[in-house]
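Working notes, beginning with the structure itself.
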Amino acid sequence: DVYKRQLPAGHATITQAAMADPIATALHAYRLGAAAIGSGPVAILGAGSIGLSLLFVLKRFGVKDVTVTDLSAERRAFADAGGADRTAEAIEGSFDVVFDSVGAVATRRDAALKVRPGGVAVLVGLHSADLAFPTGPLIGGERTVKGSFGYTPDEFREAVAMLPDLDTRWVHAVPFAQADELVAERHRRLGLGPLVAHHAHVGAADARLQDADHDFPASGTRRGNLQLTDRRVAHVDQCFHACLQKRGQAAGADGLRAAR
């Protein structure tokens with residue numbers, strides 16, 4: 001069973017190991033758009049955990065002209081520190097590939113319409129259930145829109161191998177015992193109802209985060225001979241996205257922007 005195999009994380013720290021899931025998610029998204037990346041620029045919409053992981057992956061593969069957009073000045077500063085060639089509040093211009101890590105109606109429209117003719121928009125973010133943009137430019141420009149979700153076992157292994165090189169200054173680490181409180185607070189702010197979290201000491205075999213209906217397994221990690229299972233690492237943002245998707249994206253994009 002692929003979800004029960006363990007992978008050595010080498011010299012990765014606990015904080016780097018916790019980012020295995022977003023890095024693997026970013027790697028999968030990159031692969032979906034890589035063939036369209038030429039000498040032109042590439043854009044990443046959103047500088048949260050997935051957006052900054054995408055920046056790390058793109059730079060790892062030598063992409064030289066990367067613009068990162070986010071409404072938050074703090075997140076743009078993290079993108080600058082992570083090697084972005086340009087940062088801005090909104091996307092301007094035309095790009096070989098646009099990666100949307102936000103998932104709002106507006107950012108999906110920008111991703112689809114800001115790629116050059118023949119370019120690719122890769123949609124990763126899950127914040128909204130809706131997709132709305134004019135089809136004329138899409139058809140006339142032979143632009144491609146791709147959805148990206150999760151990763152393959154091989155991509156997870158590749159992501160784990162990258163972890164020791166990840167700069168985690170943008171990752172906010174908290175004691176594991178506080179994870180349930182943080183996720184529950186995000187739920188309350190979004191009006192998504194109660195969230196129950198069961199946690200164990202770091203290093204336990206099977207720490208779990210769950211809502212009323214679904215479990216979100218988390219790999220137990222420890223220092224020294226650090227091991228990761230190739231199942232999704234439960235951290236605050238990923239559990240939030242999974243809970244939101246399961247509830248049918250009940251909250252609108254405006255509410256999500258306010259919550260974040």
State, to 0.1 Å, how close [X] and [Y] come at their nearest heavy-atom pair, and which atoms those are.
X: A159; Y: A20; value: CB-O, 4.1 Å
X: A36; Y: V120; value: CB-CG2, 3.6 Å
X: H127; Y: A104; value: CB-N, 4.4 Å
X: D70; Y: A47; value: OD2-N, 2.7 Å
X: A29; Y: L54; value: CB-CD2, 4.1 Å
X: A173; Y: T15; value: CB-OG1, 4.3 Å

Taking [X] for the side chain and [Y] for the main chain, is one N or O donor matched with an acceptor at less than 3.5 Å?
X: E181; Y: Q178; result: no
X: D96; Y: G119; result: no
X: E155; Y: L27; result: no
X: S72; Y: R75; result: yes
X: R108; Y: S128; result: yes
X: S101; Y: I50; result: no
X: R76; Y: L71; result: yes

Point to revise | L55 reachable from I91 in the ILVMFWY side-chain graph, under 4.5 Å edges | key: no
Practice item. Would you kindly confirm whether L45 and F133 end up in one hydrophobic cluster when ILVMFWY residues are joined by side chain heavy atoms under 4.5 Å apart? Key: no
Check your understanding: Is the closest basic N to carboxylate O distance between R31 and E158 below 4.0 Å?
Key -> yes
Point to revise | Selection residues 130-148 - residue pairs positive for salt bridge (Lys or Arg N to Asp or Glu O under 4.0 Å), sequence neighbours left out | key: none
Exercise for review: Enumerate the residue pairs fulfilling ring pair (Phe, Tyr, Trp, His ring centres under 6.0 Å) with a member in residues 54-106, sequence neighbours excluded, ordered by first and then second residue.
Suggested key: Y30-F61
Less than 4.5 Å apart, side chain to side chain, heavy atoms only: is that true for [X] and [Y]?
X: M19; Y: T13; result: no
X: I44; Y: L58; result: yes
X: T25; Y: S49; result: no

Point to revise | side-chain contact (heavy atoms from CB on, under 4.5 Å), paired with R86, selected from D80, T67, V68, T69 | key: T67
